[in-house]
Amino acid sequence: MNEVIAASVKNLYGIDVDIVLTRPEPQFGDFASNIALQLAKKVGKNPREIAQEIANDLESNEDFSEVTVAGPGFINVRLSESALLALTKKEPLPTRAGKTIAIETNNPNPFKAMHIGHAFNAVLGDTIANLLAVSGAKVYRVSYHGDVGLHVGKSMYSLLRYADGDFSKIESVPENDRNSFMSKMYAEGSRAYKEDEAAKKEINDLAEQSFEPKSALYIQIYDLCKKWSFEQIDAIVARLGNQPTVYRFLESDADHYGVEVVKRNVPKVFQESEGALIFKGSEHGAFDNAFVASNGRGLYAARDLGLMLLKNEQFHPDESYIITGEEQGAYFKGVIAAAGQVWPEQKDQTVNIPTGLVKLTTGKMSSRDGDVVEISWLFDEFKKAIEIREGEASDEIVAGALRYQFLKVKIGGDVVFDVNEAVSLTGNTGSYLQYAHARAKRILDKISNNITMPTEMYDEDRALIRKLSEYSETVENSFRNLEPHHICNYLFELAQEFNRYYEKNQVVGDEKEAHRAGIVVLYADTLKAGLAILGIHAPEKM
RNA sequence: GCACCGGUAGCUCAGCUGGAUAGAGCACUGGUCUUCGGAACCAGGUGUCGCAGGUUCGAAUCCUGCCCGGUGUACCA
């Protein structure tokens, strides 16, 4: 359609233009263009006059049932029935076809509890991976975990004290308590590090041992707790509705590759400063950062370089995405700039997507003090709310509500998480959409085979059909900038539109039953497809 | 100090590749319905779009300055 209008402009005025169409209020039409307003100066005519000339030229096109000029010079186009119906079946254009992309869809550290912030990150990562896949890319979901360093030292400090030389004390922690147990161990170690000089010294040594353990007991506890952590992480991430990852990267593996890369690029990229090897990020819009410590130990930044190397060996991606909290934004800017210097041929291959924070309306969240909102608690809250309504609170339903809450705000912004609101199940929530889908399916259950997919439409169908026709462009818009929230907004509007339709137009038993059932099928399929991109299950009943 | 992100209705947020009276949800008030599943639908808004300039036929949207909040600012991750 854009081309049709562009051709018309070319034909009338001999000017090449890019036509951007907008969706006006339904009263004006299905699409609108302001091209006449933009051309007014160039052509030297009144914009309304130009609009009228273009409108006259477009009138003959059979895809348009009506072309009008309104306001200061908008061209409003109403589509013909067949053109509008055709749009409802249009697939999004796969703009990333042929690309290979690696993306981290979760990266909680072992030895710490997984909390709501990790869930947020994992859900965003998984959904962005979905968007990338829908846009045609070959997507590899990976995870990356910090299994070495200071936080390990802090946990090991408390764990070794808890064990008191007896490994079986650790081993006997019941499965259900492990997440909070680890959380507590970390918090205790963290507090000791802050308050007690002797403990601090010991923790530094224990952190060092995460690279090279000195005792058999250390290895036993470290290995077991790491294993527990990954079991927990995998279980929770699956429960959240994430698709499984294909590879787990570890900092302990990335470390020596990274250190090697850094050392090899001194002094070209990295410089020695006070014994450490640093990258002058300040010359690249970031900050100067140490990659290798003065004791020769690799730091987080070196490991991220090593990770890039490992990802390349493993997947040869054209692009590589890392989703993190915004507090790491400047840090990644530096690492990515350094990588661009080290591997100029892969410059800008890695992209960091910074997210906001999850804030709770009630109480604070701090992983340092062990005062965290654990994900299982959140699941329980949702479960209770659903059961009050006598609904079946399966993990899929709960995860749907939770994911939607995270995804409906624009990425990068903070999510203010009001448990009561999230759990309310009314209004713009995942539950509303899931319920809307279940309702539609129940209508179809009552109709045996009397369904014809719509080839025509009546006045009462138009609003819903028009909304359905916006699906494809909404998805394209969403994956262009990797912003899932557009799909949330759209699906909510779609479901509202359907609920209105449903209130006014009886399907089962009506003389238009077959036709209307076809529209219900179209709607249910669209809703399901949109929810699938968000990683939300569309239930048959609930 | 410098850098990045944010400031839109009582609350939580869309809208920001400039366009037609600035939109949703929540909350609040009233209504619909002998439920194709009421987790529904309908009606009800006097908003300094943080402030001040600028660009433009036109600015919530672009530019500049300022104010407020958050985050970051090398040997933690």
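Chain letters run A, B, ... following the sequence lines, proteins first and then strands; every chain starts at 1.
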What's the gap between B/A59 and B/A74 when it is taken at their P atoms, as a whole Å value? 44 Å
Expressed in angstrom and rounded to an integer, what is the separation of A/E460 atom CD from B/C36 atom C1'? 16 Å
Is there side-chain contact between A/R480 and A/T95, with heavy atoms separated by less than 4.5 Å? no
Is the charged tip of A/K512 near the ring of A/Y458: under 6.0 Å from the six-membered ring centre and within 45° of its axis? yes
Base, sugar-phosphate, or nothing: which does A/F291 touch, judged by heavy atoms less than 4.0 Å apart? nothing
So which protein N/O to nucleotides 75-77 of chain B N/O distances come out below 3.5 Å?
| residue | atom | partner | partner atom | Å |
| --- | --- | --- | --- | --- |
| B/C75 | O2 | A/S294 | N | 2.6 |
| B/C75 | O2 | A/S294 | OG | 3.1 |
| B/C75 | N4 | A/E274 | OE1 | 2.9 |
| B/A77 | O3' | A/E251 | OE1 | 3.3 |
| B/A77 | O3' | A/E251 | OE2 | 3.0 |
| B/A77 | O2' | A/N109 | ND2 | 3.0 |

Given B/C26, B/A74, B/G70, identify the nucleotide with an atom nearest to the side chain of A/I278. B/A74
Check the distance between B/A24's C1' and A/Y432's OH and give it to me in whole angstrom. 11 Å
Tell me, do A/V415 and A/K359 make a side-chain contact under 4.5 Å, heavy atoms counted? no
Considering only heavy side-chain atoms of A/V416, the closest of B/U12, B/A40, B/C36 is B/U12
Nearest to side-chain heavy atoms of A/H486, which nucleotide of B/C41, B/A20, B/G15: B/G15
State plainly whether the residues A/E208 and A/R297 are in salt-bridge range, i.e. N to O under 4.0 Å. yes
Please tabulate, for the side chains in residues 268-286 of chain A, all donor-acceptor contacts under 3.5 angstrom to protein atoms that are two or more places apart in sequence or on a different chain.
| residue | atom | partner | partner atom | Å |
| --- | --- | --- | --- | --- |
| A/Q271 | NE2 | A/P267 | O | 3.2 |
| A/S282 | OG | A/D288 | OD1 | 2.6 |
| A/H284 | ND1 | A/K280 | O | 3.4 |

Sidechain N-carboxylate O distance under 4.0 Å for A/K263, A/E260: no
Any donor-acceptor pair under 3.5 Å linking the side chain of A/D255 with the backbone of A/E251? no
Strand-adjacent residues in residues 396-412 of chain A, judged by heavy atoms under 4.0 Å from RNA chain B: A/V409, A/K410
A/N352 and A/T324: side chain to side chain donor-acceptor pair (under 3.5 Å), yes or no, with the steps? CA-CA 7 Å; A/N352 172 234; A/T324 64; 3.0 Å; yes
To the nearest Å, how far apart are A/R442 CZ and B/G38 C1'? 16 Å
Between NZ of A/K504 and P of B/C42 the distance, given in whole Å, is 7 Å
Say you pick atom P in B/A9 and the same atom in B/C51; how far apart are they, in whole Å? 11 Å
If one requires at least 3 consecutive Watson-Crick or G-U pairs with distances under 3.5 Å, the stems of RNA chain B turn out to be B:1-7 with B:67-73, B:10-13 with B:23-26, B:28-32 with B:40-44, B:50-54 with B:62-66
Salt-bridge present (A/K45, A/E53; N to O < 4.0 Å): yes
Give the rounded distance in Å between these two atoms: NE2 of A/H284 and P of B/C4. 16 Å
If you look at every strand shown and take non-hydrogen atoms under 4.0 Å, does A/N505 touch a base, only sugar-phosphate, or nothing? base
Taking any heavy-atom pair under 4.0 Å as a contact, classify A/A40: base, sugar-phosphate, or nothing. nothing
Determine the Euclidean distance between corresponding P atoms of B/G19 and B/G25; express it in Å to zero decimal places. 23 Å
With A/Y490, which residues qualify under ring-ring contact (aromatic ring centres under 6.0 Å, His included), at least two apart? none
Do A/N499 and B/A39 share a donor-acceptor pair, side chain to base, under 3.5 Å? no
First of A/A436 and A/H485 reached from the 5' end of RNA chain B, by closest nucleotide: A/H485
Between A/Y193 and A/Y157, ring centroids under 6.0 Å: no
Rounding to an integer number of Å, can you tell me how far A/Q434 CD sits from B/A40 P? 14 Å
Rounded to the Å, how far apart are A/R439 CZ and B/C36 C1'? 9 Å
Please classify the nucleic acid contact of A/D510 as base, sugar-phosphate, or nothing, using heavy-atom distances under 4.0 Å. nothing
Mind checking the C1' distance from B/U56 to B/C62? Whole angstroms is fine. 10 Å
Considering only the C1' atoms, how many Å lie between B/G15 and B/A52, rounded to the nearest integer? 24 Å
Determine the Euclidean distance between corresponding C1' atoms of B/A60 and B/G50; express it in Å to zero decimal places. 12 Å
Of the non-hydrogen atoms in A/G530 and A/Y471, which two are nearest, and what is the gap between them? N-OH, 3.5 Å
Phosphate-side-chain proximity, A/K441 and B/C36, N/O vs OP1/OP2 below 4.0 Å: no
Tell me if the aromatic rings of A/Y432 and A/F492 count as close, with their centers under 6.0 Å from one another. yes
Test log, rule side chain to side chain donor-acceptor pair (under 3.5 Å), inputs A/D461 and A/H515: CA-CA 10 Å; A/D461 304 334; A/H515 167 75; 2.7 Å; yes
With a cut-off of under 6.0 Å to the ring centre and 45° to the axis, is A/R248 in cation-pi contact with A/F230? yes
Gap in Å between the two P atoms, one belonging to B/G65 and one to B/C4, rounded: 11 Å
Atom-to-atom span, OH of A/Y501 to C1' of B/C36 - whole angstrom: 12 Å
A/Y502 side-chain N/O to B/A39 phosphate OP1/OP2 under 4.0 Å: no
Assuming nearest nucleotide by heavy-atom distance, tell me which of A/G427 and A/P24 is located more 5' along RNA chain B. A/P24
A/Y435 near the nucleic acid: base, sugar-phosphate alone, or nothing, with a heavy-atom cut-off under 4.0 Å? base
Counting distance alone, no hydrogens or angles: does the base of B/U21 have a donor or acceptor under 3.5 Å from a partner atom on the side chain of A/Q27? yes
Between A/T355 (side chain only) and A/G412 (backbone N and O only), is there a donor and an acceptor less than 3.5 Å apart? no
Using the C1' atom on both, measure B/G45 against B/U21 and round to a whole Å. 13 Å
Does the ring centre of A/Y523 sit less than 6.0 Å away from the ring centre of A/Y501? no
Just to confirm, is there a sub-4.0 Å distance from OP1 or OP2 of B/C42 to any side-chain nitrogen or oxygen of A/R500? yes
Shortest side-chain distance from A/Q496, nucleotide among B/A24, B/G72, B/C36: B/A24
Produce the list of close N/O pairs, under 3.5 Å, pairing protein atoms with atoms of nucleotides 17-19 of chain B; give distances to one decimal.
| residue | atom | partner | partner atom | Å |
| --- | --- | --- | --- | --- |
| B/G19 | N7 | A/N34 | ND2 | 2.6 |

With heavy atoms under 4.0 Å as the rule, sort A/K41 into base, sugar-phosphate or nothing. sugar-phosphate
